[in-house]
Amino acid sequence: MRPETPPEILLPATLGEALASLGERAAAPLAGGTWVMRAPLRREPFAPAYVGLSRIPELSLVEVTDDAIAIGAAVTHADLANALAGFPEFAGLRLAAGSSANPAVRSAATVGGNLCTADFAAADLVPALLCLDATVELAGPAGSRLIPLADFLAQRTGLLPGHILTKVVVARTGQRTAHARLPLRKAGDYPVAIVSVAMRVDAMERIGAARIAVGSVEATARRWTGLEDALLGEPLDGARTTGIAGSLLASFNGRDGVEAPGWYRVRVLPALAGRAVASLVAA
Amino acid sequence: MSETAEKAVQDFRRRDARDKLLGRTRYTIDRGAAGMLHAALLRSDVPSGRIARLDVSAAARMPGVRAVVTHEDAPGRAGLGIADHPLFATDVVRYCGEPIAAVAAESEAEARAALAAITVDIEPLPAVLDMGASLAEDAPLVHPGWQGYEVLTQGGARGGNVAWEASVDRGDVDAAFARSDVTVVESSFRVGRQNHLSLEPRAVVANYEDGRYHIETSTQVPWTVRNTTATLLGVPASAIRVTVPPVGGGFGLKFDCALEPFAALLARKSGRTVRLVNSREEEMLTCLFRENAEIRIRSAVAPDGSIAGREAVVLMDCGAYGGEQVFLTTMTAHTLGGNYRLGAVRIVSRAVYTNTAPNGAFRACNGVYNTFALERHTDEIAAAIGMAPEAFRFKNVIGDGDLGATGQVFEGDVLAPMLEKMAALRAKDPSPQLTDGRLSGRATTVGTWFVFTGPSAATVNMNADGSATLVTSGVEIGSGSMMQALPQIVAATLGLTPDKVVVRAADTDAAGYDVGVGGGRTTVSLGAASRTAAIEVRTKLLKVASDMLEAAAEDLVIADGRIEIAGAKGSGATIAEVASHGQMRFGPLSGTGSFAAAGTPAMAGCCAGHFIEALDIPVFAVHDCDVAVDPLTGHVEVLAYRVVQDVGRALNPSAIFGQIQGGVVQGLGYALHEEADVGPDGHIRQKSFETYRVPLAGDVVPVAIELHEGAPSIGPLGTKGAGEVPILNVGATVACAVANATGKTVSELPLTPPRVLALLIDEAQAPVFPHIRDRHADNLTAPGR
Amino acid sequence: MTIRLTVNGETREFAAAPMTPLVDVLRDGLHLTGAKPVCREGFCGACMVLVDAVPTVACLTPVALVEGRDIETVEGLTSGESPTPVQAALEEHDAVQCGMCFPGMVVALTHLTTSGTCEPNRAAVKEALVGNVCRCTGYERIVDAALAVMEAGHE
Ligand SMILES: Cc1cc2nc3c(=O)[nH]c(=O)nc-3n(C[C@H](O)[C@H](O)[C@H](O)COP(=O)(O)OP(=O)(O)OC[C@H]3O[C@@H](n4cnc5c(N)ncnc54)[C@H](O)[C@@H]3O)c2cc1C
Ligand code: FES
Ligand code: FES
């Protein structure tokens with residue numbers, strides 16, 4: 001089932017050219033292609049043309065400074081997992097990048113593609129970056145700007161046309177992070193629910209400040225502020241966290257899918273929160 | 001004889017492995033060639049409707065289009081038992097995915113574009129999408145004209161949306177249930193569909209030459225394809241030749257005629273070679289699934305733990321056409337009615353029409369869910385009467401001289417010694433202790449399956465170079481039987497090594513009739529025919545040698561590529577010399593063999609509507625597993641899996657072990673992950689690998705295996721089929737273990753995490769079947785027959 | 001558009017629509033039918049090839065994105081008929097049944113056993129094979145074969 005006029009792919013070498021082509025052709029960015037290439041299966045049309053991002057060098061860089069880490073949008077999941085190997089504070093993000101999908105997909109699918117696919121609720125990197133309070137850089141005809149990830153997620157379908165997400169910036173604050181995902185098999189399928197956490201822990205191993213994000217449960221990942229508040233001052237204890245989280249589910253409205261009903265996605269959140277926190281103890 | 005059997009047992013490696021590993025094997029999907037046309041099917045998008053208008057004229061004028069065909073080109077109806085299935089929807093469509101027209105064009109894109117140019121107006125009609133709706137009073141009929149269909153096999157009761165009904169009635173069941181001392185246990189079960197998900201989809205390449213069709217296809221049943229295509233096209237079966245390249249997985253999916261007639265029609269109409277391959281989405285939508293089923297079973301159990309009476313109703317969803325389900329109603333008596341001695345029994349098994357994609361055959365068809373139901377029910381009985389499940393099984397399993405449900409007399413004690421072997425196997429590697437908060441459970445189950453015997457033919461040509469060619473209509477679908485068991489049998493009979501036996505790929509022009517590869521029958525039926533053919537060749541070889549060596553044929557031994565005078569090694573000649581001499585003197589040496597079902601008797605008058613009343617070769621299995629259940633997420637992990645399997649005689653243990661590992665893993669998919677169901681729009685909801693989850697490497701464990709040899713079998717050299725049965729009681733064993741781990745009533749499969757969590761938090765809905773009536777007789781189309 | 005690729009060591013130039021999946025170009029254009037299009041959505045791995053030595057699902061790879069790159073298919077792993085260590089081990093372990101998964105499986109295992117990215121233990125090998133579906137064998141012999149190759153490599 002090929003389209004009548006097959007879309008063209010442009011492969012610009014600079015961001016400027018890429019942005020220009022996007023404007024001229026009503027084209028869409030093409031990163032790893034792992035989402036775009038499945039459009040026929042979703043019965044979606046291809047865009048009239050695509051602008052490939054693989055030849056724009058700065059999009060494929062991971063830059064680490066003392067205060068922040070900047071991840072180029074065309075960095076693949078596999079490259080991100082490798083780049084984070086030496087940074088225990090990013091254990092959660094590393095696990096998200098290194099255990100989503102399968103190895104071949106991880107070496108093609110990119111950070112930008114994962115964040116820009118609004119219709120994909122089960123994205124692993126989204127909650128993993130949300131709990132890190134990440135900022136994204138969006139480049140467009142009028143230049144580049146930084147947007148907090150949460151705002152980007154809320155508005156991305158409106159923001160993206162004609163734009164390219166160029167990088168994701170995460171501050172280095174020395175917190176402990178974890179990512180608990182729940183595929184239905186051991187691995188290999190989309191997670192039906194995800195809990196990502198970033199926590200500051202005091203000398204007594206008590207939770208000082210927490211950011212907790214939930215993915216795949218609703219259409220878009222979001223923070224679980226009720227649990228963040230409830231855990232303040234609590235010990236780092238998985239079972240205890242599970243217990244506390246159990247009474248804080250009312251705000252979630254799980255999405256029904258072929259693979260799992262909405263109630264299930266919500267119901268497993270306490271267990272995932274517990275697993276995430278338990279893995280911080282070990283950390 | 002026994003010496004031959006010993007020689008036949010070997011770890012002979014399959015000849016096709018190397019090319020498969022090098023990527024050189026060319027399956028049907030790989031057989032594209034320049035100048036071939038590409039075909040595509042227009043399929044219904046609604047589950048039920050009247051075709052008000054069908055106009056293909058615009059499509060026929062589209063660029064690249066070379067032929068368009070519709071129901072007008074294929075007048076016939078085919079089926080198993082009843083001829084209810086036309087090739088194309090004619091006046092009405094009965095399921096989502098039903099073919100309406102087919103196009104062949106120069107490219108696949110042009111063919112698909114032409115489909116879009118076909119005008120088809122379908123006025124929707126009410127649809128019955130599940131068996132409850134189908135059996136409701138005043139339900140619309142899927143086949144209003146059912147009474148007019150040709151009946152191909154007599155004996156099954158039919159009526160309305162019941163396509164076929166098979167029933168068993170042995171002994172006085174009412175009296176058993178009326179006894180004052182019995183405990184009555186009743187259970188209900190429901191299972192969904194299972195997709196074979198063979199990696200190679202159904203695919204065909206057809207052409208029409210010299211007045212005959214040549215169909216190259218990915219099938220398990222070349223002769224069914226030949227005969228059914230002929231029926232549907234209204235041409236003589238002799239006008240069709242079917243050949244089969246290596247098949248990239250079947251598991252029963254390819255046990256029926258599928259895309260072949262479309263490609264054949266288009267080839268004839270266009271005068272060109274036509275290739276037709278299902279897309280993965282089409283495969284998912286129109287898979288001949290393992291059927292969804294609903295089961296109610298009741299037992300009256302005496303205080304000593306014997307089963308005084310049993311009654312059961314099994315509803316099997318056949319989808320829009322009867323197909324294989326009509327036949328498979330037969331199996332309920334042998335599977336749900338199997339395993340245990342029963343005082344009195346009555347069972348009805350009904351194939352029910354719905355407006356959904358037709359279901360079909362799948363490895364241990366019907367047996368898989370009936371064994372699940374029976375074994376869970378058995379555990380419920382044991383609990384109800386306060387007996388340990390193992391003790392209950394030891395006491396009640398079928399043994400030598402016992403009667404089966406249809407009154408067949410079983411030979412030999414097989415299950416009881418197998419249960420003992422399982423206890424020993426388990427003792428070697430005891431259940432792991434869990435310390436992570438998960439619930440642990442273990443279970444042992446038993447199962448009864450059979451070898452689908454039926455007609456097979458073989459020819460063995462002895463070549464002057466000392467090799468032999470085996471010609472059959474058998475197909476290599478991956479199990480290795482055609483690459484291992486058959487050459488091993490022929491080689492052992494002829495004193496050759498199996499690498500000297502060339503096996504001809506299936507060709508209906510070259511070999512005689514065969515029922516097909518499935519039902520564990522290759523080694524048995526094709527094996528028996530091959531062995532007979534080889535014995536004829538051996539007799540001829542010995543006669544020639546006796547002339548050459550001037551010794552009586554009885555004094556000759558044939559072994560290791562030579563024929564010698566007994567006790568005088570080096571006295572004789574090589575088989576090549578003998579064959580070559582024979583060829584010069586008498587013409588080339590060859591032999592033929594054939595095999596048919598033995599026709600083991602059932603008890604007179606106790607079954608109706610059965611295609612097989614008693615099992616020629618029963619096959620038994622005992623499975624055991626340990627599971628861990630996560631109480632917070634419902635995930636079930638299988639920690640250990642053990643199999644004791646009745647194989648008669650293991651000709652190639654490595655091949656059998658491979659079949660067991662693979663079959664168990666497919667069963668784990670059925671037990672835990674694989675779910676296919678019909679959505680409110682009549683489409684199968686699981687449209688791709690994304691939502692249809694088969695086990696991956698991380699989800700499996702190495703199966704601990706013990707083969708049970710020596711049980712009676714009429715198979716050649718005492719063999720039984722070994723490839724089908726490994727999946728039989730996996731669903732049952734996992735379900736019983738999960739029930740034991742959770743203390744909950746497990747009545748549905750698959751045990752996906754959401755389903756298990758619902759059980760754990762007491763939110764699972766127990767299956768209720770208002771359309772299964774309380775009184776057994778009310779579930780029969782023809783009460784009292 | 002005209003596309004130039006190195007396929008199994010040889011530079012090939014041909015016309016193809018840029019979004020054509022690499023697997024179709026290999027099979028239909030270059031007659032390399034080893035890689036199989038099975039799911040066309042990245043889940044089964046039957047279409048796997050090496051792109052610059054990295055296992056890649058050819059069904060989701062638009063051919064324009066691999067312009068100028070080095071593609072190796074299962075057919076290119078061997079010269080002539082002598083199997084690679086991975087192929088020899090799979091044969092030795094009697095792992096093959098229908099065979100449809102093996103072109104992709106061999107590609108995945110070739111990388112896994114030579115790249116040093118996978119620990120030589122069962123759990124790690126299984127994790128690495130999560131994108132390769134085999135419907136016939138139940139996987140364990142494939143894992144055994146991979147471990148045998150890795151162990152032999154360490155001797
Ligand atoms: C088999 C399989 C399993 C998977 N399992 C998981 C899983 O477990 N967890 C998970 O998170 N994901 C999973 N995925 C999804 C996968 O992560 C997404 O397909 C992927 O993230 C998309 O990235 P890409 O680079 O391939 O994007 P593309 O397909 O190239 O693009 C996706 C969309 O994003 C847009 N886009 C891409 N880059 C940019 C940019 N820089 N700026 C603006 N717009 C852009 C494109 O225009 C397009 O609309 C799986 C995918 C497959 C095939
Ligand atoms: S066909 Fe490419 S991964 Fe399945
Ligand atoms: S051998 Fe058949 S899919 Fe792997």
Side-chain angles (χ1 to χ4, degrees), chain B residues 11 13-14 16-27 29-32 108 196-201 246-251 279-281 476-480 652 654-655 657-666 668-669 688-690 693-703 726, chain C residues 27-28 31-44 46 73-78 81-84 86-88 90-107 122-123 125-144:
Chain B
D11 178 11
R13 292 315 170 90
R14 44 194 306 166
D16 58 344
R18 176 69 61 89
D19 271 10
K20 285 178 171 176
L21 288 164
L22 295 174
R24 293 181 172 194
T25 300
R26 293 181 68 238
Y27 303 86
I29 55 161
D30 300 325
R31 300 194 175 217
E108 207 180 317
H196 316 72
L197 214 86
S198 64
L199 265 53
E200 186 190 29
V247 174
F251 317 115
S279 70
R280 184 52 56 179
E281 195 178 349
E476 178 50 58
I477 60 171
S479 68
N652 189 321
S654 172
F657 280 41
Q659 287 297 304
I660 293 177
Q661 176 71 33
V664 165
V665 165
Q666 249 174 19
L668 292 178
S688 74
F689 277 56
E690 181 184 312
R693 295 180 307 277
V694 295
L696 302 175
D699 302 302
V700 310
V701 290
V703 177
Chain C
R27 290 173 55 86
D28 302 342
H31 306 294
L32 292 166
T33 54
K36 310 290 181 213
V38 169
C39 69
R40 292 188 177 271
E41 56 177 340
F43 278 99
C44 77
T73 70
V74 66
E75 291 96 333
L77 295 175
T78 48
E81 285 173 37
S82 55
T84 65
V86 162
Q87 288 162 331
L90 288 164
E91 199 174 342
E92 180 56 31
H93 285 79
D94 201 7
V96 178
Q97 292 190 23
C98 88
M100 278 287 291
C101 64
F102 278 100
M105 207 58 100
V106 164
V107 166
R122 275 201 113 64
V125 171
K126 286 186 169 186
E127 219 173 288
L129 287 181
V130 76
N132 292 85
V133 170
C134 175
R135 190 53 163 161
C136 300
T137 66
Y139 302 103
E140 296 292 347
R141 286 183 178 175
I142 297 173
V143 177
D144 291 338

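Residue numbering restarts at 1 for every chain, and letters A, B, ... go by the order of the sequence lines. From a predicted model like this one, the values you see are computed outputs, not experimental measurements.
- Looking at C:Glu41, only its side chain comes within 4.5 Å of chain B, counting heavy atoms on both sides.
- Heavy-atom distances place both the backbone and the side chain of B:Ser654 under 4.5 Å from chain C.
- Both the backbone and the side chain of C:Arg135 come within less than 4.5 Å of a heavy atom of chain B.
- With a 4.5 Å cut-off on side-chain heavy atoms, B:Asp16 and C:Val96 do not count as touching.
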* To do: List the steps, then state whether side-chain contact (heavy atoms from CB on, under 4.5 Å) holds for C:Glu140 with B:Val665.
  => CA-CA 10 Å; C:Glu140 296 292 347; B:Val665 165; over 6 Å; no
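- Taking a cutoff of 4.0 Å between a charged side-chain nitrogen and a carboxylate oxygen, C:Arg27 and B:Asp30 qualify as a salt bridge.
- With a 4.5 angstrom heavy-atom cutoff, C:Thr137 touches chain B only via backbone atoms.
- If you tally non-hydrogen atom pairs under 4.5 Å between each of B:Asp11, B:Thr25, B:Ile29 and chain C, the highest count goes to B:Ile29.
- Salt-bridge annotation for C:Lys126 and B:Asp699: absent, with no side-chain N of the basic residue lying under 4.0 Å from a carboxylate O of the acidic one.
- Both the backbone and the side chain of B:Gln659 come within contact range of chain C, judged by heavy atoms closer than 4.5 Å.
- Using a 4.5 Å cut-off between heavy atoms, C:Val133 contacts chain B through both its backbone and its side chain.
- With sequence neighbours left out, B:Arg280 forms a side chain to side chain donor-acceptor pair (under 3.5 Å) with no residue at all.
- Going from atom NZ of B:Lys20 over to atom CD of C:Glu91 covers 12.0 Å, rounded to the nearest 0.5 Å.
- With chain B as the partner, the residue from C:Arg141, C:His31, C:Arg122, C:Glu75 showing the most heavy-atom pairs under 4.5 Å is C:Arg141.
- For B:Val247, the part sitting under 4.5 Å from any heavy atom of chain C is the backbone (N, CA, C, O) and nothing else.
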